[in-house]
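We name chains A, B, ... by the order of the sequence lines, and we start the count at 1 in each one.
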Amino acid sequence: MSDVCIVGIGIHPFGRTEGRSGRDQGVFAVRQALADAGIEWADVQIGYGGSAAAGAADIMVNELGLTGVPIVNVSNGCATGGSALGSAYSAIASGEYDIGMAVGFDKHPRGAFNADPASYGLPEWYGETGLMITTQFFATKIQRYMALHGISPITLGRVAEKAFENGTNCEHAWRRSPVDLETIMAAPMINDPLNKYMFCSPAEGAVALILASEKKARELGKTPIRLKTSTMRTRPPGSFEVFAPSINVERGLSPTQLASKAAFERAGVGPEDIDVAQLQDTESGAEIMHMAENGFCKDGEQEAWLAEGRTRVNGQFPINTDGGCLACGEPIGASGLRQVYENVVQLLGRGGARQVPGNPKTAYTHVYGAPGVSAVTIMER
Amino acid sequence: MTSLTPIAHDLWTNEDPPRLIGGRRHADGEIVFPYPGGDAAANYEAIGLSRTGTLWSWTIQTFRPKSPPYDGPEVFEPFALGYVELPGEVIVETRLTQATGLKIGMPVELVIVPFDATRSTYAFKPVEN
């Protein structure tokens, strides 16, 4: 097995770009990633990519060039980007290809996602009565977590405050101005205990990554950022997921716990070895719960961690250094790859005002989505 | 309220008072709600679930959900919802009849409530001590 390196990264700014399709944003990101890698489109031997709501990736060859390159369209909900990256990783690791691409892009209408019950194997009444809403899941999950583990509402506010602060220093973020804690805490409630500053919004954006074998990375003269693992897991028995009309009274692990454990094992490192992490923060509570589910702290410790500023860019364990989903919004197909993009930025020391100090060497990403999937990557400089 | 039509068939029993209908999997006894449709139904036995339980978690729906799939009245009234643990059976997602004074662990019981002008749905209501 060859080591797999990320040798080029590209991003189309997240947010709203009127008049540019999601796929065109993807093409924009691919061109930037190719330039960053110092290669031509014709050098790419295999591609994986897709979106949740903006069409297929293979049509991009119209703009990028008809080189005959195989492109595999990936459609895996919130794990679309993670699945594309995992596939590209395997293609390079197998030794069959030297240079591959993973791309994710999306463009969603405003407002909460409206899901179709039938496509999730659920009865119509579940959607008709207003129970099939992603924000409700996150609210009920954190509501119970707060009661069990002593997390107070202001800790939710601190996560949002940090996100907007980091987004202010990030070129690709959507929300680029700070919001003070008092304003955050006074905002109208969306789904109790989460208010309007504590949820991310569906958005637009695209990310492309160029992967190469270690040998090829050296030929290109690139600082090799090694992708140690790209691991995805679906839900185990007794987990609590988005769109669940019922859950098992015998409580079990989460898909995030499975993916995290497997990723650490494959990478041969532990949570204590990670210098910077991008964790799924579709809302403030998600970041808090995912800190523990990924093994970075014990349940309940988040209260002190946030109060002490440990997860800020200059803290002991920076989380979501580009503002995460809260500041960048969530274009589903691109969101997981944005996390990887940001980690490469941090490992190469390109973060500017949001650069994690102390020369970070090991970085972690985590994405979670319906109906219970989680993907984790670990990378090293 | 008897004039209202249930939002779906076989969601609760015709008993008075009614019970939600769940499915007990033949293979391992795991209980799910609602009773599964399609080919999966063959793997489950329909059972009436406990009318009482405890509040497992809750939230308030403050905005009108997108239509489709939401099919409630055009004039939106915020409503409470959550999960109720039916002891030893299953934890079910449900509307709650009140939006204040909700506390995890509080006892609740099943009631049938109006959904719109013509249809009813199920909800859980805090039990007065």
Side-chain angles (χ1 to χ4, degrees), chain A residues 108-148 187-196 199 202 237-238 240-252 283 285, chain B residues 6-11 20 22-23 28 30-38 40 49 53 55-72 76 78-95 99 102-105 115-116 119 121-123:
Chain A
H108 303 290
R110 288 165 205 277
F113 295 114
N114 52 337
D116 167 34
S119 66
Y120 282 89
L122 291 163
E124 294 299 325
W125 66 263
Y126 187 62
E128 287 171 358
T129 57
L131 296 180
M132 192 175 181
I133 301 164
T134 50
T135 57
Q136 296 169 349
F137 161 75
F138 292 111
T140 51
K141 189 178 174 194
I142 188 64
Q143 184 88 268
R144 183 170 174 83
Y145 190 87
M146 289 166 76
L148 290 183
M189 208 54 94
I190 300 289
N191 283 123
D192 208 292
L194 299 165
N195 72 32
K196 83 165 198 182
F199 278 108
F240 176 31
E241 310 297 346
V242 178
F243 305 150
S246 73
I247 51 185
N248 198 324
V249 284
E250 287 175 36
R251 310 298 309 119
E283 43 81 24
Chain B
I7 188 92
H9 288 299
D10 301 332
L11 205 45
L20 292 177
D28 59 8
E30 182 180 338
I31 297 172
V32 299
F33 171 79
Y35 181 71
L49 299 174
L55 189 60
W56 191 81
S57 192
W58 60 275
T59 188
I60 312 291
Q61 182 61 32
T62 61
F63 62 93
R64 191 180 193 279
K66 279 187 179 175
S67 299
Y70 184 63
D71 198 26
F76 179 72
F79 63 89
L81 69 135
Y83 284 87
V84 167
E85 178 158 8
L86 307 176
E89 294 181 347
V90 64
I91 301 166
V92 297
E93 189 172 4
T94 178
R95 285 189 172 217
L102 296 171
K103 204 166 161 35
I104 288 170
F115 173 65
D116 58 17
R119 293 175 295 177
T121 190
Y122 68 96

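Taking B:Asp71, B:Asp116, B:Ile31 one by one and counting their heavy-atom pairs under 4.5 Å with chain A, the maximum is reached by B:Asp71. Of the listed residues B:Val92, B:Val90, B:Thr121, the one with more heavy-atom pairs under 4.5 angstrom with chain A than any other is B:Val90. Chain B forms more heavy-atom pairs under 4.5 Å with one residue of A:Leu148, A:Leu131, A:Ile142 than with any other, namely A:Leu131. Annotation: maximal heavy-atom pairing with chain B below 4.5 Å, among A:Gly130, A:Ala147, A:Pro117, A:Pro237, occurs at A:Gly130.
Of the inter-residue distances, the one linking B:Ile60 atom CD1 with A:Gln143 atom CD reads 8.5 Å to the nearest 0.5 angstrom. Between the CE atom in A:Met132 and the CD atom in B:Glu93 there is a gap of 10.0 Å [rounded to 0.5 Å]. Remark: B:Glu30 CD to A:Ser246 OG distance equals 7.5 Å, nearest 0.5 Å. How far CG of B:Leu81 is from CD1 of A:Ile133: 8.0 Å, rounded to the nearest 0.5 Å.
With a 4.5 Å cut-off on non-hydrogen atoms, B:Tyr83 touches chain A through its side chain but not through its backbone. Using a 4.5 Å cut-off between heavy atoms, B:Arg119 touches chain A through its side chain atoms alone. For A:Pro245, the parts sitting under 4.5 Å from any heavy atom of chain B are the backbone and the side chain alike. Contact of B:Ile104 with chain A is made through the side chain alone, with heavy-atom distances under 4.5 Å. With a 4.5 angstrom heavy-atom cutoff, A:Asp116 does not touch chain B via any of its atoms. Interface remark: B:Gln61 contributes backbone and side-chain atoms alike to the contact with chain A (heavy atom separation under 4.5 Å). Looking at B:Leu86, the atoms closer than 4.5 Å to chain A (heavy atoms on both sides) all sit in the backbone: N, CA, C or O. Residue contact with chain A, scored on non-hydrogen atoms closer than 4.5 Å, is absent for B:Tyr35.
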Could you check A:Asn191 against B:Phe63 for side-chain contact (heavy atoms from CB on, under 4.5 Å), going step by step and ending with a plain yes or no? CA-CA 9 Å; A:Asn191 283 123; B:Phe63 62 93; 3.9 Å; yes
Does the pair A:Trp125 and B:Phe115 meet the rule for a side-chain contact (heavy atoms from CB on, under 4.5 Å), with working shown? CA-CA 11 Å; A:Trp125 66 263; B:Phe115 173 65; over 6 Å; no
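The side-chain heavy atoms of B:Trp56 and A:Ile247, taken from C-beta on, include a pair separated by under 4.5 Å.
Looking at every heavy atom in both residues, A:Pro123 comes nearest to B:Pro34 through CG-CG, 3.9 Å. The shortest heavy-atom contact between B:Tyr70 and A:Glu128 is CD1-O, 3.2 Å. In plain terms, the two heavy atoms of A:Arg144 and B:Ser57 that are nearest each other are N-OG, 3.5 Å. In terms of heavy-atom proximity, A:Ala139 sits nearest to B:Thr59 at CB-OG1, 3.4 Å.
By the side-chain hydrogen bond (donor to acceptor under 3.5 Å, both in side chains) test, A:Tyr145 is found to be paired with A:Asp299, A:Gln302, residues two or more places apart in sequence or in another chain being considered.
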